[in-house]
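One structure is given below, encoded as structure tokens.
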Amino acid sequence: MNDLLDGARDSAAYLEPIAEGATLLRGFAVPAAATLLAAIESVVQAAPFRHMATPGGRRMSVAMTNCGRGGWVTDHRGYRYTAADPLTQRPWPALPAVFFDLAARAASTVGFAGFAPDACLINRYRPGARLTLHQDRDERDFKAPIVSVSLGLPAVFLFGGVQRRDRPRRIRMESGDVAVWGGPARLAYHGIAPLVDGNHPLTGRCRINLTLRKAL
DNA sequence: AAGTAGCG
DNA sequence: TGTT
């Protein structure tokens, strides 16, 4: 299992700058992808995917679940991190070591040493699902970066600036790609364009995204 | 301290 | 969102 992670160092992974403080690691998670998928399965068994509601009452097209000490949730009361899954009233499943290690290593590779995530949001995109431009600002402190892992179908990642008016770049994310943003880019607006239908050997007709954060 | 990852 |  460690050899899967170590393998990333020797694979064809390469870095691609997105913006100041934001980097794309292409192919970084390819060697660990199957292991990550297995861990996702076990999380979902305890905390199933669900479509949360925005404070305005709209159902999100992306299905979500969480693992780690904190889980991101939204409902009519707003956005926040909770220790327990509102669906089951039980604590969110533990953060799998393979998630933690991958995120810490990706962060350290691009200059964020000591990243210790305590929350992982798992997003499932089916064809047509999207995330409009938003900032991640529900975390306690913004010193820690965000690490985002793409698995399955490709998607167009929209990455803008810290001002909403900044026009986002469109970046194609493929399975095994990892985006890391922090420092001056920590509050950058970002999103995902509507997922294009397709079939991926790993996930079938969907894309799974892991977003690791230090939230607490 | 009001509004929000959605909508047209 | 609710409340000093």
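Chain identifiers are assigned alphabetically (A, B, ...) following the order of the sequence lines, protein sequences preceding nucleic acid strands; residue numbering begins at 1 within each chain.
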For residues 118-143 of chain A, the ring pair (Phe, Tyr, Trp, His ring centres under 6.0 Å) pairs (sequence neighbours left out) are A:H134-A:H190
Find every protein N or O atom lying less than 3.5 Å from an N or O atom of nucleotides 2-4 of chain C, and list the pairs.
none

What is the nucleic acid contact for A:G78, judged by heavy atoms within less than 4.0 Å: base, sugar-phosphate only, or nothing? base
Please name all residues satisfying side-chain contact (heavy atoms from CB on, under 4.5 Å) with A:D166, sequence neighbours left out, ordered by chain then number. A:Q163
Side-chain donor-acceptor pair under 3.5 Å between A:D177 and A:S175, yes or no? no
Partners of A:D138 by side-chain contact (heavy atoms from CB on, under 4.5 Å), sequence neighbours excluded? A:W72, A:Y79, A:Y81
A:R50 atom CZ: more than 12 heavy-atom contacts under 6.0 Å: yes
Is A:R124 close enough and on-axis enough to A:F49, meaning under 6.0 Å and within 45°, for cation-pi? yes
When Ile, Leu, Val, Met, Phe, Trp and Tyr are grouped by side-chain heavy atoms lying under 4.5 Å apart, directly or through other members, which residues fall in the same group as A:L158? A:L133, A:V156, A:Y189
Can you tell me if A:N209 and A:S148 form a side-chain donor-acceptor pair at under 3.5 Å? yes
Show the distances under 3.5 angstrom between N or O atoms of the protein and N or O atoms of nucleotides 5-8 of chain B.
| from | atom 1 | to | atom 2 | distance (Å) |
| --- | --- | --- | --- | --- |
| B:dA5 | O3' | A:T132 | OG1 | 3.3 |
| B:dA5 | N6 | A:W72 | NE1 | 2.9 |
| B:dA5 | N6 | A:D138 | OD2 | 3.2 |
| B:dA5 | N1 | A:H134 | NE2 | 3.4 |
| B:dA5 | N3 | A:H134 | NE2 | 2.8 |
| B:dG6 | OP2 | A:R130 | O | 3.4 |
| B:dG6 | OP2 | A:T132 | N | 3.1 |

